[in-house]
Amino acid sequence: MMQLRTNQRKRKTIQLAFLCLLLLAAFFLDIALGPVRIPLRSICRIVLSLPGEDSTWQYIVTQIRIPKTFTAVIAGCGLSVSGLQMQTLFRNPLAEPAVLGVTAGASLGVAAVMLAGGSITTLYTIRELGLSGSWLITVAGCTGAAAVMLLVILISRTVRDNIMMLIIGVMVGTVTLSIISIWQYFSDPELIKDYLMWTFGSLGGVTGAQLYILGLAAFVGLVISFLSSKMLDALLLGENYARSMGVTTQRARVIIICSTSLLAGSITAFCGPIGFIGIAVPQMARSLFATSNHRVLIPACCLIGTILMLLCDVIGQLPGSQAALPINIVTALVGAPTVIWMILRKNNLSIFG
Amino acid sequence: MSSRQTLLETKGLEVGYRSRRGKPVTIAGPISATIRSGQLICLLGPNGAGKSTLLRTLAGLQPSLGGAIHIMGDPSSAQRTPAALARKISLVLTDPVRYSNLTAYSLVALGRYPYSGWLGTLKEEDRRIIAWAMEVTGIGSYADRKIGMLSDGESQKVMLARALAQDTPLMMLDEPTAHLDLPSRIRIMQLLHKMARQTQKGILLSTHELDLALQVADELWLLQTGGRLDRGMPEDLVLNGTFESVFDKEGILFDKRTGSFNIHSGHLKKIGLAGKGVATFWTKRALQREGFEVTAAGQAAMDIRVEEGAAPVWLLDSSSGRQTFDSLSGLLDTLRNQFI
């Protein structure tokens, strides 16, 4: 027994070291690759801020690629952790921001800002506005996300069944998206184009003040989430047991809504609706770390989510070519088969397996 | 045992739920009852009488419709926050937990929730209590296994250990022995009985195991379909006929002499039985299952005489003479043919 445990611990350490190495490699690869070919040596020198490099390359690396890589890190952490929280709250392995309509809610918030304000407030002009515009879009995204999350939770209180729950989430998401479609239908084609580009998802273009705002929102969301990990553990047994152990379930719901909408809302506002990360990463974290303890799972989701997001971004750059795929397409192409593979491997998706 | 402290007391409690329009629908009540320390109470009653609703209301999981619940003397409802209740009452519910992917150990460790640090860190004291809870429930050997991989009986013991780890003066269990095989049922009941005695906990459990409840309970709460609750010592309730009146309606007959239930099939055919000992006892059971009313020999048209021994022999006396059988199944075959 003891021997078994030491062996397990040794395996865990090796696993963790491997994941950290993978993280470093993916992080560096994401900076190194892009439409403009820059030699590895120069990239190293620029990252270490050594002088004497080409100023165009310097601009590309420090102003475009490094912010983009950090955006990927933030999106990877935030989406995975919000997915994990929703899966625990709804006791459903398929719950994630995109499935239960939270991303759609954020999209509605963003669409409201982009389409309602007329020509002045397209996403790109908002980005030009800097700080205040970024706040506006963050608040809009988070509010939309929170509104949908609240609605789904309100309905879910009368429905106990997991499958029903999912169907309701999907329906709420569909209704939200149709509202956006109606809005689009009556909008200026120029604005629609802007909005469509946004829905493809992009990690690029979040620079300067926006990156700070996104980082701050995600950081607050992650901290709330980590601080509530004890409560999340108790919720694994369902609301009745959680209550009997001293969890005030109403407050627990509010806390989870806050942190999930902060994470999913802000990331969706800046990067567009990115799916599958929230569903695939918590599953991977559970099976790799063989635990349900949220104190371990939240950092694990951050680690695996970051790696997966960076790798998706690297794949999306289509290394060796000038073109790049939108991130939303890549996560779907990578994420959907991953989920199918996990189901087949287990032969069932036994809620938290 | 005179120092038994009152842990929970209800006065005129009404339990039920509110309909969609907010109208209260009372299922049971008014109930005035107490739970004292060191007491094992079994809550019995037909399906739908409101056993679970009563338990959930007492445990604070759902609001009462009227009356009062005093837990360990607290006069105000302000003290009934989940955090305060969690140190007074621990629960074993019928809610599914298999899907939580927790190991048996981490599930039991969750019992320390009301006491552990803000991130759920366990102190030496917590670990000691977890180890104790796992030892008394006998689940130490599968501490590292996932709850979903355990059998129903094993996982029920894990849930019991979790409640014990919560270390509360009151414990409430909703059908803890459902879906278990007979040995597991008996073991869990024995364990709860022992816990009540040794740790002076007040334990309230709902069950359908009438026989077991009669044997282990210090007190029975009989909840009838109309919502009336009768309570008392098992033996008192049997002797004054309350026990019979609650359960006698559904085609079962409670036998006061043996303390067991017989299935009655409507038209009873009388048969006499003579003999003393083990074989006679089992013969009686078999005859009752077949729908005979068993009387003393000489009072019916037919008599069975059991000759006890290493290989018992059955003698059947009827109008057609005497027949001898060396097995019960042979005897019953003949009886069936004669009565068709």
Side-chain angles (χ1 to χ4, degrees), chain A residues 1-2 4-5 8-9 84 87-88 90-94 158 160-162 223 225-252 282-283 285-287 289-299 346 348-353, chain B residues 20 52 55-56 59-62 80-103 105-122 140-141 143-149 158-159 162-163 165-166 168 170-172 174:
Chain A
M1 194 76 170
M2 283 317 281
L4 198 74
R5 285 213 180 141
Q8 265 176 356
R9 197 161 297 159
L84 174 72
Q87 289 173 14
T88 300
F90 291 114
R91 307 229 296 155
N92 194 317
L94 296 173
T158 51
R160 290 263 160 243
D161 191 81
N162 270 337
V223 168
S225 171
F226 188 72
L227 291 183
S228 51
S229 52
K230 177 181 165 182
M231 185 187 79
L232 288 165
D233 281 350
L235 281 171
L236 282 175
L237 296 185
E239 283 193 8
N240 281 334
Y241 272 120
R243 240 185 104 89
S244 84
M245 289 185 273
V247 176
T248 314
T249 40
Q250 302 281 11
R251 198 194 303 158
Q283 299 285 353
R286 281 191 202 96
S287 69
F289 287 81
T291 181
S292 287
N293 187 337
H294 287 80
R295 251 187 312 161
V296 180
L297 278 183
I298 291 172
K346 297 228 157 202
N348 67 346
L349 203 60
S350 58
I351 308 270
F352 295 111
Chain B
R20 295 216 167 191
S52 294
L55 273 184
R56 289 164 49 88
L61 291 182
Q62 71 179 71
R80 304 199 68 193
T81 60
L85 268 183
R87 288 169 181 250
K88 295 176 179 169
I89 306 178
S90 54
L91 299 177
V92 174
L93 303 166
T94 48
D95 300 17
V97 295
R98 310 187 71 85
Y99 304 124
S100 63
N101 198 37
L102 288 163
T103 60
Y105 183 87
S106 19
L107 211 157
V108 176
L110 272 181
R112 298 306 294 164
Y113 189 97
Y115 313 94
S116 61
W118 55 277
L119 266 183
T121 40
L122 300 171
S141 57
D144 287 333
R145 284 183 38 207
K146 292 271 160 74
I147 188 78
M149 316 276 269
V158 173
M159 294 318 288
R162 192 209 62 82
Q166 206 169 326
T168 52
L170 274 162
M171 253 177 106
M172 294 187 190
D174 195 2

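As the structure is a prediction and not an experimental result, all values here were calculated from the model. By convention in this document, chain letters (A, B, ...) are assigned in the order of the sequence lines, proteins followed by strands, and residues within each chain are numbered from 1.
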Checklist entry - What's the spacing between B:Ile89 CD1 and A:Ser244 OG if we round to 0.5 Å? => result 9.5 Å

Next on the checklist: Rounded at 0.5 Å granularity, tell me how far OH in A:Tyr241 sits from CG in B:Leu91.
Outcome noted: 7.5 Å

Checklist entry - Step by step, would you call B:Arg162 with A:Leu237 a side-chain contact (heavy atoms from CB on, under 4.5 Å)? => result CA-CA 11 Å; B:Arg162 192 209 62 82; A:Leu237 296 185; 3.9 Å; yes

Checklist entry - Minimum heavy-atom separation for A:Gly246 to B:Ala86, with atom names? => result N-CB, 3.5 Å

Next on the checklist: To the closest 0.5 Å, what do you measure between CG (B:Leu119) and CE (A:Met231)?
Outcome noted: 12.0 Å

Item to check | Of B:Leu102, B:Leu110, B:Ile147, the residue whose pairing with A:Leu236 passes side chain to side chain contact (heavy atoms under 4.5 Å, CB included) | outcome: B:Leu102

Checklist entry - B:Arg56 versus chain A, heavy atoms under 4.5 Å apart: side chain, backbone, both or neither? => result side chain

Checklist entry - Measuring from A:Lys230:NZ to B:Thr121:OG1, what's the distance to the nearest 0.5 Å? => result 8.0 Å

Next on the checklist: Walk me through whether B:Tyr113 and A:Val247 qualify under side-chain contact (heavy atoms from CB on, under 4.5 Å).
Outcome noted: CA-CA 9 Å; B:Tyr113 189 97; A:Val247 176; 3.3 Å; yes

Checklist outcome for this item: Looking only at A:Ser228, A:Gly238, A:Ala234, the option with the highest number of non-hydrogen pairs under 4.5 Å against chain B is A:Ala234

Item to check | Contacting moiety of A:Arg295, where chain B heavy atoms sit under 4.5 Å | outcome: side chain

Checklist outcome for this item: Distance col, row B:Leu85:CG vs A:Arg243:CZ, nearest 0.5 angstrom, shows 8.0 Å

Item to check | Contacts of B:Thr168 that satisfy side-chain hydrogen bond (donor to acceptor under 3.5 Å, both in side chains) - sequence neighbours left out | outcome: B:Ser90

Item to check | A:Thr291 versus chain B, the contacting section by heavy-atom distance below 4.5 Å | outcome: backbone

Item to check | Set of residues satisfying side-chain hydrogen bond (donor to acceptor under 3.5 Å, both in side chains) with respect to B:Asp174, sequence neighbours excluded | outcome: B:Ser52, B:Ser206

